[in-house]
Amino acid sequence: MRLERVEIVHVAIPLVTPFRTSFGTMTSKDTFLLRVVTDCAEGWSEFAADPEPLYCPEFVAGAEIVLRDFLLPRVAALPHLTTAALAPAMAKVKGHELAKAALETAVLDAELRAHGMPLATYLGAVRDRVPAGVSVGIRDSLPELLEEVERYLAEGYVRIKLKIEPGWDVEPVRAVRERFGDGLPLQVDANTAYTLADAEHLRRLDAFGLLLIEEPLEENNLHAHALLQRRLGTPVCLDESLHHARDTASAIAMDACRVVNVKPARVGGYLEARRVHDVAHAHGVPVWCGGMLETGIGRAPNLALAALPGFTLPGDTSASGRYFAEDITEPFVLEDGHLPVPAGPGIGVEPLPDALRRFTRGRRDLYP
Ligand SMILES: O=C(O)CCC(=O)N[C@@H](C(=O)O)c1ccccc1
């Protein structure tokens, strides 16, 4: 393929309800899409992070600069544009996995469309629908939390993930367990809010039969997570700390993580996400697909990835309606607790022109 044009489309979509985590509260999804035009086909992708670097060091404005000034010049210089050639061409740029993932995914979408191949087929999916978990934010009161969990269970979600932080952890978990029973698949996500000094407090969560505790400690501290895992019965799952298959292998070898949250954006794209899946699967470590409140443009490829054999736990691959009253693609709708794996070429979806126009806050060329 030959790269002809790359357009950045900034979008802002209001959330149906504020989403509070240990690092902040979101009321809208403000990010950008990339539209890559090649001589063979077009491709789309979504940048997974937000305007502020609170979840990870990357953020919207910074990613636009990195793409425009450092990643696209290297990719445009490639004699033949293929998805496989992108990561090596971008490797000299340190970090910026989410920006790299956005570019790689749009090129992958174009390349697969040119070959008429669905992303699920390309990645090695073994299912045509995947079970959907749902992420529940920190709430102001236990009754509000229980009402929200009850609503999601009534909608059919098969797994509940509770955001926790110091002061909102044991009690909400106990309340959900007592209200909905021991059979409910339940996990927690601390988003790095604790330290090893909290180990004895976190051990109290062992009483509730959780599937996992996600990223309890500061990101990138595999040693601390390994020390914590020795003191907890609940399996530690890593998210922010894993940036590629290599550190996933190290984390597993150190017993710093017994479950892996695979987020394609966090590891630089779907090719590396499959490698992370393969490494974990080879070690008997279950993986599940994380989410970043993506629009349908980011949600569709995540569903393809979640259909790989090692994805044995429900992911944060919720329906579009969990976050948005209106999505910029055809909405993903829960059916019997599952979402369909897109079957069309490439990522299998495209922005709906009218919705995209209404949620667009700015469009410009990043290349040429
Ligand atoms: O369902 C979703 O897409 C969101 C799942 C979720 O909780 N994402 C968390 C996370 O830490 O994984 C997150 C929230 C906001 C921003 C980044 C990440």
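Counting convention: from 1, in listed order, for ligands and their atoms alike.
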Worksheet item: M292 to ligand 1: N or O pair under 3.5 Å?
Response: yes
Worksheet item: Judging by distance only, is a nitrogen or oxygen of N261 under 3.5 angstrom from one on ligand 1?
Response: no
Worksheet entry | Expected output: side-chain R266 to main-chain D239 donor-acceptor under 3.5 Å | yes
Practice prompt. Describe, in one word, how the ring planes of F19 and Y323 are oriented to each other, choosing from parallel (under 30°), tilted (30 to 60°) and perpendicular (over 60°).
Written response: perpendicular
Worksheet item: In the protein, which heavy atom is nearest to atom 11 (O) of ligand 1, and how far is it?
Response: N191 ND2, 2.7 Å
Worksheet item: For ligand 1, does T317 get within less than 4.0 Å through its side chain, its backbone, both, or neither, judged by non-hydrogen atoms?
Response: neither
Fill in: Evaluation steps, side chain to side chain donor-acceptor pair (under 3.5 Å), between T234 and D206
CA-CA 6 Å; T234 304; D206 285 350; 2.6 Å; yes
Worksheet entry | N-O pairing of R322 and E155 below 4.0 Å | no
Practice prompt. Measure the distance from atom 8 (N) of ligand 1 to every protein heavy atom, then report the residue, atom name and distance (to 0.1 Å) of the closest one.
Written response: G291 O, 3.0 Å
Worksheet, complete the sentence: When distances are taken from atom 2 (C) of ligand 1, the protein heavy atom at minimum range is Y323 OH, 3.0 Å
Worksheet entry | Side-chain ion pair, K100 and E58, N-O less than 4.0 Å | no
Item to complete: Can you sort out which atoms of ligand 1 are near K263, meaning under 4.0 Å from one of its heavy atoms?
Response: 10 (C), 11 (O), 12 (O), 18 (C)
Response to the item:
OG1 (T31) and NE2 (H10) are apart, to the nearest 0.5 Å, by 8.5 Å
Practice prompt. Would you tell me which option among R20, K163, E240, R266 has the nearest heavy-atom contact to atom 10 (C) of ligand 1?
Written response: K163
Practice prompt. Answer side chain, backbone, both or neither: which part of D50 comes under 4.0 Å from ligand 1, heavy atoms only.
Written response: side chain
Practice prompt. Please work out whether the ring planes of Y55 and F23 are parallel, tilted or perpendicular, with thresholds of 30° and 60°.
Written response: tilted
Fill in: Inter-residue atom distance I138.CD1 - S22.OG, 0.5 Å rounding
6.0 Å
Worksheet item: So which protein heavy atom does atom 7 (O) of ligand 1 come closest to, and at what separation?
Response: S135 OG, 2.7 Å
Discussion item. Under a 4.0 angstrom heavy-atom cut-off, which atoms of ligand 1 come close to K161?
Written reply: 6 (C), 7 (O), 12 (O)
Item to complete: Would you mind checking if R274 and D278 are paired as a salt bridge, meaning a charged N to carboxylate O distance below 4.0 Å?
Response: no
Worksheet entry | Mode of E215 contact toward ligand 1 - side chain, backbone, both, neither (heavy atoms, under 4.0 Å) | neither
Practice prompt. Heavy-atom contacts with L293 under 4.0 Å: which atoms of ligand 1 show up? List them by number with element.
Written response: 2 (C), 3 (O), 4 (C), 14 (C), 15 (C)
